[in-house]
Amino acid sequence: NAGVTQTPKFRVLKTGQSMTLLCAQDMNHEYMYWYRQDPGMGLRLIHYSVGEGTTAKGEVPDGYNVSRLKKQNFLLGLESAAPSQTSVYFCASSYGASGRGWDEQYFGPGTRLTVT
Amino acid sequence: AQSVTQLGSHVSVSEGALVLLRCNYSSSVPPYLFWYVQYPNQGLQLLLKYTTGATLVKGINGFEAEFKKSETSFHLTKPSAHMSDAAEYFCAVPDGGSQGNLIFGKGTKLSVKP
């Protein structure tokens, strides 16, 4: 059981470039999340999904897009990267059995992104 | 909207000393309260969770937390710190929305001195 995996682990982008971060989970979880972590800010929710084919905005969605074409994968896209998007990005998943986001979330190891 | 406040961005204790990490939430009583731990260069993992019933919750690695409704607090404690406890700790509560997503506190980094 790999749990939640994220690729890539590190990436450096120039301003204006685009990229996609991939999250995969092998636990058959319904819910998946993308967070960003910045020093002194805790974790902030970017987008989330409550099932295959669904996505919704979180607290800080601007500049990001997501897709959940397969239940096990959740992609986060940056169409035109900006220095303000320099951050560590975490993907998480949960069973969703409660019908809410209250079940234990399982986190990936993170992707460290630098935008110059 | 819900909010969660962690007092102290950095706490330092000696090995063997009591660990106390503070978390207060907004007055709307949430059905669930969480503590997550993040070890260096890793993702977060669940330490413990309060749902309903007993207000003293035991988690992994000897940590526990007590839900105090009258004080709107959910402080995390451990009687005796180990070097391996050095990590960042996050308190989280549901955001009050229909989906029940979590909002996380800003984190408290725990250092343990030998």
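Only this structure's heavy atoms are used, side chains among them; waters, hydrogens and symmetry mates stay out. Please read these numbers as outputs of a predicted model, since none were measured by experiment. Protein chains get the first letters and strands the later ones, always in sequence-line order, with residue 1 at the start of each.
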- Establish, yes or no, whether a centroid distance under 6.0 Å links the rings of B:Y50 and B:F67. yes
- Show your working on side chain to side chain donor-acceptor pair (under 3.5 Å) between A:Y89 and A:R112 and close with a plain yes or no. CA-CA 6 Å; A:Y89 291 86; A:R112 190 172 296 271; over 6 Å; no
- Item | Contacting moiety of A:Y35, where chain B heavy atoms sit under 4.5 Å | side chain
- Short question: side chain of A:D26, backbone of A:G3 - any donor-acceptor pair under 3.5 Å? yes
- Task: Answer with yes or no after comparing the ring centroid distance for B:F63 and B:Y89 against a 6.0 Å cut-off, counting only values under it.
- Result: yes
- Message: As a quick check of understanding, evaluate side chain to side chain donor-acceptor pair (under 3.5 Å) for B:H10 and B:S111, giving each step before the final call.
- Response: CA-CA 8 Å; B:H10 197 170; B:S111 300; 2.7 Å; yes
- Message: Is A:L45 in contact with chain B via its backbone, its side chain, both, or neither, using a 4.5 Å heavy-atom distance?
- Response: side chain
- Which atoms of B:Q6 approach chain A - backbone, side chain, both or neither, heavy atom under 4.5 Å: neither
- With a 4.5 angstrom heavy-atom cut-off, which part of A:Q37 approaches chain B: side chain, backbone, both or neither? side chain
- Message: Please classify the contact of A:V88 with chain B as side chain, backbone, both or neither, using a heavy-atom distance under 4.5 Å.
- Response: neither
